[in-house]
Structure formats: structure tokens, C-alpha cells
A.B. asks: 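Please see the structure below; I have some questions.
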Amino acid sequence: ERSLKIDRTRVEEGLAPASLLRRRPDIAVAEAQLYAANAKIGVQTAGLFPDVSLTGIVELLTGNLSKLILTDSIQAVEQGQVSFPILDFGRSKTLVGQAKASADESYLTCQRTVLVAMNDTETALSQVATARRARDTEAAIVENAASALQYLVEFPWRARNRDVLPELVGQLPRISTTIDVEVDTA
């Protein structure tokens with residue numbers, strides 16, 4: 001049997017939306033694509049300049065170990081090459097322009113992703129705040145009901161000597177202001 005463990009992130013009081021946005025994988029992907037598109041601009045721009053390459057080879061020409069350290073037994077060959085795009089008819093500049101357009105598209109995609117994520121985050125934080133207010137209101141209702149029950153239990157003589165209902169109705173406005181509801185006493 002396998003068990004699936006789910007990591008549930010606790011939303012703390014006063015948590016900034018920016019810290020929640022940093023955790024989102026869709027934003028990380030959009031940022032990575034933007035970085036890659038910007039890097040491609042550099043690669044395509046490098047194609048406008050000459051390409052220089054150097055190659056070197058060192059060979060040992062002796063089969064005898066005693067002659068290995070002699071200068072006649074070592075041969076070195078060096079080679080250099082320079083290539084320059086002379087007749088590309090604007091191809092390199094077009095590739096740079098395409099890379100810049102791709103980077104602009106990636107920027108707009110990243111921006112859209114961040115805006116959607118911000119909307120999702122703000123909505124979720126608003127729902128959390130609403131749920132907390134509802135929980136606090138329900139806790140106040142339970143507390144007020146408990147204090148009313150305690151009032152009736154601790155003072156049973158009031159129930160025998162007079163009518164308790166007018167007293168409870170008199171306390172309802174205090175309770176109703178705590179839970180933000182209107183009470184009709186008629």
C-alpha cells in the first residue's frame with residue numbers, strides 16, 4: 001500500500017501576495033522562457049561578428065622512454081581560423097530581429113502569467129480572509145450563547161420569580177451587534 005502525502009501550505013496572517021507568487025511554478029516557467037529568449041538575442045547577435053577558433057596538437061615522436069624528454073621527440077602544431085559572414089544578405093540581422101521579437105513575446109507571456117497569478121492569489125487571500133471572519137463570527141455566536149446559558153443556569157431564582165423572556169430580549173441588541181445581524185423584537 002502506498003500513501004500519498006500532500007504538502008498543504010498554511011496561509012499565515014498578513015502574508016504578502018508576492019511571497020505566494022514566488023512559489024508558483026507557472027511563473028517560474030514563464031521567467032525561464034523569458035531568460036532563454038533574452039539569451040537567444042545574445043547568441044544571434046554574436047553571429048554578426050567574426051568567429052575565431054584556435055586549435056593545437058602536441059605529439060610525441062619517440063618510441064624510446066629514455067629519449068622522451070629530448071626536444072626532438074616532441075612536435076607541436078598550432079592552427080588558427082577566422083570566419084566572417086560577408087555575403088549573408090542580411091540573414092544575421094534578420095535572425096537578431098526574430099530573436100528580439102521572440103523575447104518581446106516571451107515578456108508579454110510572462111507579464112500575462114504574472115497578472116493571472118496575482119488575480120488568483122488575491123482571490124484566494126480574499127476567500128481566506130472571508131472564511132476567517134466567518135469563523136470569528138461563529139465563535140462569537142457560540143460564546144454569546146454559552147454566556148446566555150450560563151446566565152440561566154447560575155441564576156435559576158430569576159426564572160421562578162419573574163419572566164426571563166423580557167430580560168433575554170433586552171440582551172439581544174448587545175448580542176446582535178456582536179454578530180452583525182438585526183433582531184426583530186416584535
Side-chain angles (χ1 to χ4, degrees), residues 1-139 180:
E1 290 182 23
R2 288 192 201 182
S3 65
L4 179 64
K5 293 184 179 180
I6 299 174
D7 181 25
R8 297 179 188 214
T9 305
R10 180 172 161 77
V11 179
E12 290 125 21
E13 198 69 42
L15 191 62
S19 63
L20 291 175
L21 290 175
R22 284 188 200 100
R23 300 178 188 177
R24 291 184 58 116
D26 55 343
I27 291 179
V29 167
E31 284 180 345
Q33 289 172 345
L34 180 60
Y35 293 143
N38 282 330
K40 191 172 182 180
I41 293 172
V43 169
Q44 295 301 333
T45 304
L48 296 172
F49 300 101
D51 185 23
V52 177
S53 63
L54 298 173
T55 305
I57 298 173
V58 176
E59 297 177 324
L60 296 174
L61 301 176
T62 185
N64 190 350
L65 289 177
S66 64
K67 296 182 181 181
L68 184 64
I69 58 172
L70 298 176
T71 59
D72 294 342
S73 65
I74 299 174
Q75 179 181 359
V77 178
E78 298 86 21
Q79 180 182 3
Q81 179 182 352
V82 176
S83 61
F84 191 84
I86 297 174
L87 296 173
D88 70 348
F89 302 104
R91 180 180 174 272
S92 296
K93 288 184 180 181
T94 302
L95 291 175
V96 171
Q98 286 176 345
K100 286 181 180 180
S102 177
D104 289 343
E105 181 182 358
S106 293
Y107 172 75
L108 293 174
T109 300
C110 183
Q111 186 179 30
R112 183 179 61 237
T113 302
V114 169
L115 289 174
V116 168
M118 283 178 59
N119 184 32
D120 292 347
T121 303
E122 288 293 332
T123 301
L125 288 175
S126 175
Q127 290 172 347
V128 166
T130 301
R132 284 187 175 147
R133 283 193 300 273
R135 182 195 63 203
D136 293 344
T137 300
E138 290 169 358
D180 295 335

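If you read the sequence from its start, that first residue is 1, and numbering goes on from there.
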A.B. asks: Quick one: CZ on Arg132 to OG1 on Thr130, what's the gap to the nearest 0.5 Å?
C.D. replies: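 Here the rounded value is 11.0 Å.
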
A.B. asks: Which pair of heavy atoms, one from Thr121 and one from Leu21, lies closest together, and at what distance?
C.D. replies: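 Looking at all heavy atoms of both residues, the closest pair is OG1-CD2, 3.4 Å.
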
A.B. asks: Measure across Pro50 and Val82 and return the closest heavy-atom pair with its distance rounded to 0.1 Å.
C.D. replies: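 What the structure gives for the nearest pair is CB-CG1, 4.3 Å.
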
A.B. asks: So, taking the atom named CD in Glu105 and the one named CD in Gln98, what distance separates them when rounded to the nearest 0.5 Å?
C.D. replies: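 Rounded to the nearest 0.5 Å, the CD-CD separation comes to 12.0 Å.
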
A.B. asks: From Leu48 CG over to Asp88 CG, what is the distance, rounded to the nearest 0.5 angstrom?
C.D. replies: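 So the CG of Leu48 and the CG of Asp88 are separated by 8.0 Å.
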
A.B. asks: Closest approach of Gly47 and Ser92, non-hydrogen atoms and distance?
C.D. replies: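 Minimum heavy-atom separation between Gly47 and Ser92: O-OG, 3.8 Å.
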
A.B. asks: Run the salt bridge (charged side-chain N to carboxylate O under 4.0 Å, His left out) test against Asp26 and tell me which residues pass, sequence neighbours left out.
C.D. replies: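 Per chain and number, Asp26 pairs via salt bridge (charged side-chain N to carboxylate O under 4.0 Å, His left out) with Arg24.
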
A.B. asks: Say you draw a straight line from CD of Glu31 to SG of Cys110; how long is it, rounded to the nearest 0.5 Å?
C.D. replies: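 Here the rounded value is 5.5 Å.
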
A.B. asks: Could you tell me if the side chain of Glu78 sits less than 4.5 Å from the side chain of Leu54, heavy atoms only?
C.D. replies: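 Of all side-chain heavy-atom pairs linking Glu78 with Leu54, none is under 4.5 Å.
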
A.B. asks: Measuring from Arg91:CZ to Leu95:CG, what's the distance to the nearest 0.5 Å?
C.D. replies: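 Nearest 0.5 Å value for the CZ-CG distance: 5.0 Å.
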
A.B. asks: Give, for atom CG of Asp104 and atom CD1 of Ile41, the distance between the pair rounded to the nearest 0.5 Å.
C.D. replies: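 One finds 7.0 Å between CG of Asp104 and CD1 of Ile41.
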
